[in-house]
Student: 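Okay, here's the structure, questions in a sec.
The sequence lines fix the lettering, A, B, ..., with proteins before strands; numbering per chain opens at 1.
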Amino acid sequence: MVTIYERKQPQERKLGLSRRELLKRGGAGALLIISGSAVISPEHAWGLETSALKPETMATLIQVARDIYPHDQVPDKYYAIAVKGHDETAAKDPAHKELIEKGIADLDKKAGEGGYRGLGWEEQRVALLKEIEKTPFFQAVRGGLVVSLYNQKEVWPIFGYEGESYSKGGYIARGFNDIEWL
Amino acid sequence: MAAQFDLKNDGVVVIIGSGAGGGTLGNELAQKGIDVVILEAGARHEYEDFVNDEWDSFAQLAWKDKRATSGDWRVAKDFPNLPAWIVKSVGGSTTHWAGASLRFQEHEFKTLSTYGKVKGANLVDWPVTLAEMEPYYAKAEAKMGVTGTNNWPRLPGNNNFKVLKAGADKLGYKECHTGNMAINSVERDDRNSCQQTGFCFQGCKWAAKWSTLYTEIPKGEATGHLEVRPNSMVIKINHDASGKVTGVVYADKDGKLQEQKARIVAVAGNSIESPRLLLNSESSKFPHGLANSSGQVGKNYMRHTTGSVYAIFDKPVHMYRGTTMAGIIRDEARHDPSRGFVGGYEMETLSLGLPFMAAFLNPGGWGRSFTTALDHYDHMAGLWIVGEDMPREENRITLHKDEKDEHGMPIADVHFDDHANDTAMRDHAYKQGQALYAAVGATRTFPTPPYPSTHNLGTNRMSEKPADGVVNKHGQAHDIKNLFVSDGSQFTTGGAENPTLTIVSLAIRQADYIAAQMSAKSI
Ligand SMILES: Cc1cc2nc3c(=O)[nH]c(=O)nc-3n(C[C@H](O)[C@H](O)[C@H](O)COP(=O)(O)OP(=O)(O)OC[C@H]3O[C@@H](n4cnc5c(N)ncnc54)[C@H](O)[C@@H]3O)c2cc1C
Ligand code: SF4
């Protein structure tokens, strides 16, 4: 099972890591760190535990997800939630586990020393993704994301989508025709 | 009280499907005192059960049983097992539909005479004229509460409409309004008026939008002459030695096969399932499937020439608020070959929520070019193109050679290649749509490819001559007197207009014909 958990206290203190160490351990982006079987975002106080996939793989998968559908205003947490299904599937299906582990390993290899997450510019990472765009690995990751990322109700407000409206009486009194700039 | 009929009752009319065609026909016959059993593959969800959530609603209502695709249309690549976005539920696709209700134009019933022979197209004239259809169109509009008819006011324009209208004015289009919608603009028929909820595609929780689910079906049931049997998937139509149909075999809610006897069978499963069922009902007497002496069953599959144009502005629009499709420009619907194609198209407002926008804006697309579009979702406006496409024999529904569904029935294979006329029309419409939004200050526009088909037509078409089609001008099979087709698969050609008003009008007309034939004892 993958669990995404919100942490009450900053992970730095719990792990006994200094901020400097965290930055070191987090790799180039310094956004996500790996601890035991978990991917942790010290900045934003959430973590994700993996059961089948290596936590490093998960961390890279989260970066891949962001590079496929980059929305700078959407925090990593939602990308993590969007890809955690791959860990669940991998736990049940060895073929899927291999697809993901191999796919990520291949990206890391292509990236050279420092791996995929070590590439500093989105353009560099996207260039690698372009190379593998036709592969079943990429298709599986991208295809799943379309629903798992954009169907999270929590991200809708970031895009200005208001979702369900029946319980609020529709928009008849809430701006269905409020456009003013025409 | 809803009736309940015995499986052995061979006096009933059995209708397959409870959507626009089947639901309407069922009520019309019941009102005349004729006993009807509607067999519906889907479950019954009442309008209170609908959900304001795109994927959840899709899971609740859509036809998700596997279908296969082939051909050069992009849907085959992006959605290989979802050629069509239609419904499996009591009420059929009238639960999902947007309500746009337009009459065909006169020449659209006479395409071969008007357009002449078009290479690679299988055009024939309808065996019906607009003049013959007019009284039935009027009845359908009255039944469905179509705005802009019968003195019902049009709906108020929402934000998306206002952008469309401003663009239409800039381009000099003359006929632009909030449409003829089968949506209550005022309370009527014991139903609410539209509350501008913006989830028309997900089933109207206010029941303001016409659907057979909460209009025709309960009205028919109230006569005591109509039974709707949900979770009943028909897999075969039986016939006797003389070639008359005698009943249907269906899988009931537990997957058990049952036979319902019938005096008359009317097929209304929408244009993929109806031919699939006729083809699957082959026998030694009818080795190519029922009603198929012409070989036309499953052929001439049409899906309208469609596409969307979305545009981003520097200021907010909130297109998703309010009625999804209440906005239309009709100026391009005329037949004017100087544009480089025959037939015409409508432009109608359209909005998708964020989840569907992500899935349909540019299927397969990724990277910043894609995501920066979604970043401005609340600054977007959108329109849908719906135009006449050419019937082609090669565009057809066949039974899949290997794959079968849970009942052992071969799944449908949907083949579609665009005709050059379709492509020319779509390109023209993309240009006009993009110019329209540019004229109001769009900073970026998106010529968006067709979605899985919502309008599925033509696969059991009407024809004057039995050699050209499957049914006559009343939807009665040329080959079998007591077999009818009652859905959009009867369409000889598609017109530029959304099809449902025509489907409903044909069903009302067919009910008159069936009743007359029954009392004359000719069927
Ligand atoms: C999102 C969306 C928006 C739309 N908007 C519009 C619009 O604005 N205007 C317009 O004119 N049209 C619109 N349409 C199209 C419209 O819904 C259809 O044209 C119309 O409902 C088709 O009617 P029908 O009777 O042919 O089939 P349907 O309404 O699809 O009904 C067919 C029924 O038959 C059942 N069935 C199929 N096979 C079997 C079987 N073997 N046994 C038992 N039951 C079976 C199905 O489950 C289904 O319930 C829209 C469609 C969609 C999906
Ligand atoms: S906008 Fe109107 S018609 Fe559409 S779902 Fe809401 S109330 Fe129904």
Student: Would you say that Phe138(A) contacts Trp366(B) through its side chain, given a criterion of any heavy-atom pair below 4.5 Å between the two side chains?
Tutor: yes
Student: Does Pro316(B) offer a backbone N or O that forms a donor-acceptor pair with the side chain of Trp181(A) under 3.5 Å?
Tutor: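 Yes, the answer is positive, given that a donor and an acceptor are paired below the 3.5 Å cut-off.
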Student: Among Gly365(B), Gly364(B), Gly198(B), which residue has the highest count of heavy-atom pairs closer than 4.5 Å to chain A?
Tutor: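 Option with the greatest count: Gly364(B).
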Student: Taking C-beta and beyond as the side chain, do Ser165(A) and Asn52(B) meet within less than 4.5 Å on heavy atoms?
Tutor: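 Touching, per the 4.5 Å side-chain cut-off.
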Student: Kindly indicate whether the side chain of Glu162(A), heavy atoms from C-beta on, has any atom under 4.5 Å from the side chain of Arg321(B).
Tutor: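 In short, these two side chains touch, coming nearer than 4.5 Å.
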Student: Given a strict heavy-atom distance threshold of 4.5 Å, which part of Gln73(A) is in contact with chain B: side chain, backbone, both, or neither?
Tutor: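 Just its side chain gets close to chain B.
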Student: Nearest 0.5 angstrom please: Leu155(B) CG to Phe176(A) CZ, how far?
Tutor: 9.0 Å
Student: Side chain from CB out, backbone as N, CA, C, O: work out which of these in Phe313(B) comes under 4.5 Å of a heavy atom of chain A, or both, or neither.
Tutor: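 Contact with chain A is through the side chain of Phe313(B) alone.
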Student: Does Phe370(B) reach the side chain of Ile68(A), with side-chain heavy atoms less than 4.5 Å apart?
Tutor: no
Student: Has Lys102(A) got more than 12 heavy atoms of other residues, nucleotides or ligands less than 6.0 Å from its NZ?
Tutor: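 12 or below, so no.
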Student: Please round to the nearest 0.5 Å and tell me the distance separating atom NZ of Lys162(B) and atom CG of Leu182(A).
Tutor: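 Between Lys162(B) NZ and Leu182(A) CG, I get 8.0 Å after rounding to 0.5 Å.
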Student: Is Lys109(A) atom NZ crowded by more than 12 heavy atoms from other residues, nucleotides or ligands, each under 6.0 Å away?
Tutor: no
Student: For Pro355(B) versus Tyr161(A), what's the shortest heavy-atom pair and its separation?
Tutor: CD-CE2, 3.8 Å
Student: Is any NZ, NE, NH1 or NH2 atom of the basic residue among Lys315(B) and Glu180(A) found under 4.0 Å from an Asp or Glu carboxylate oxygen of the other?
Tutor: no
Student: Any side-chain heavy-atom pair from Tyr150(A) and Leu374(B) closer than 4.5 angstrom?
Tutor: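 In short, these two side chains touch, coming nearer than 4.5 Å.
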Student: Identify which part of Val51(B) has an atom lying under 4.5 Å from any heavy atom of chain A, answering side chain, backbone, both or neither.
Tutor: neither
Student: Can you tell me if Asn159(B) and Asp178(A) form a side-chain donor-acceptor pair at under 3.5 Å?
Tutor: yes
Student: If you count heavy-atom pairs under 4.5 Å with chain A, which of Lys205(B), Lys165(B), Gln202(B) comes out on top?
Tutor: Lys205(B)
Student: Counting only heavy atoms closer than 4.5 Å, note whether Leu149(A) contacts chain B via side chain, backbone, both or neither.
Tutor: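 Neither part; nothing is under 4.5 Å.
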Student: Given heavy-atom pairs under 4.5 angstrom as the criterion, report whether the side chain, backbone, both or neither of Asp375(B) touches chain A.
Tutor: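 When you check distances to chain A, atoms from both the backbone and side chain of Asp375(B) fall under 4.5 Å.
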Student: At a heavy-atom separation under 4.5 Å, does Ala166(B) approach chain A through its side chain, its backbone, both, or neither?
Tutor: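 The side chain, not the backbone.
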Student: Among Trp206(B), Phe356(B), Trp55(B), Tyr320(B), which has the most heavy-atom pairs under 4.5 Å with chain A?
Tutor: Tyr320(B)
Student: Name the region of Pro363(B), side chain, backbone, both or neither, that has any atom closer than 4.5 Å to a heavy atom of chain A.
Tutor: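 Answer is neither: Pro363(B) stays 4.5 Å or more from chain A.
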Student: So that I know where these two stand, are Phe199(B) and Tyr166(A) an aromatic pair - ring centroids less than 6.0 Å apart?
Tutor: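 Phe199(B) vs Tyr166(A): aromatic centres not under 6.0 Å.
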Student: Of all of Glu122(A), Lys168(A), Gln152(A), Arg174(A), which one pairs up most often with chain B through heavy atoms under 4.5 Å apart?
Tutor: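 Max contact count across the listed options: Glu122(A).
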Student: Inspect the contact between Asp72(A) and Arg368(B) and indicate whether a charged nitrogen and a carboxylate oxygen are less than 4.0 angstrom apart.
Tutor: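 Salt bridge present between Arg368(B) and Asp72(A).
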Student: Is atom CG of Asp190(B) surrounded by more than 12 heavy atoms (other residues, nucleotides or ligands) closer than 6.0 Å?
Tutor: no
Student: Chain B: which of Ala173(A), Gly169(A), Ser167(A), Gly175(A) shares the most heavy-atom pairs with it under 4.5 Å?
Tutor: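 Among the listed options, the one with the most contacts to chain B is Gly175(A).
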Student: Among the options Thr372(B), Thr197(B), Asp378(B), Thr371(B), pick out the one with the most heavy-atom pairs lying under 4.5 Å from chain A.
Tutor: Thr371(B)
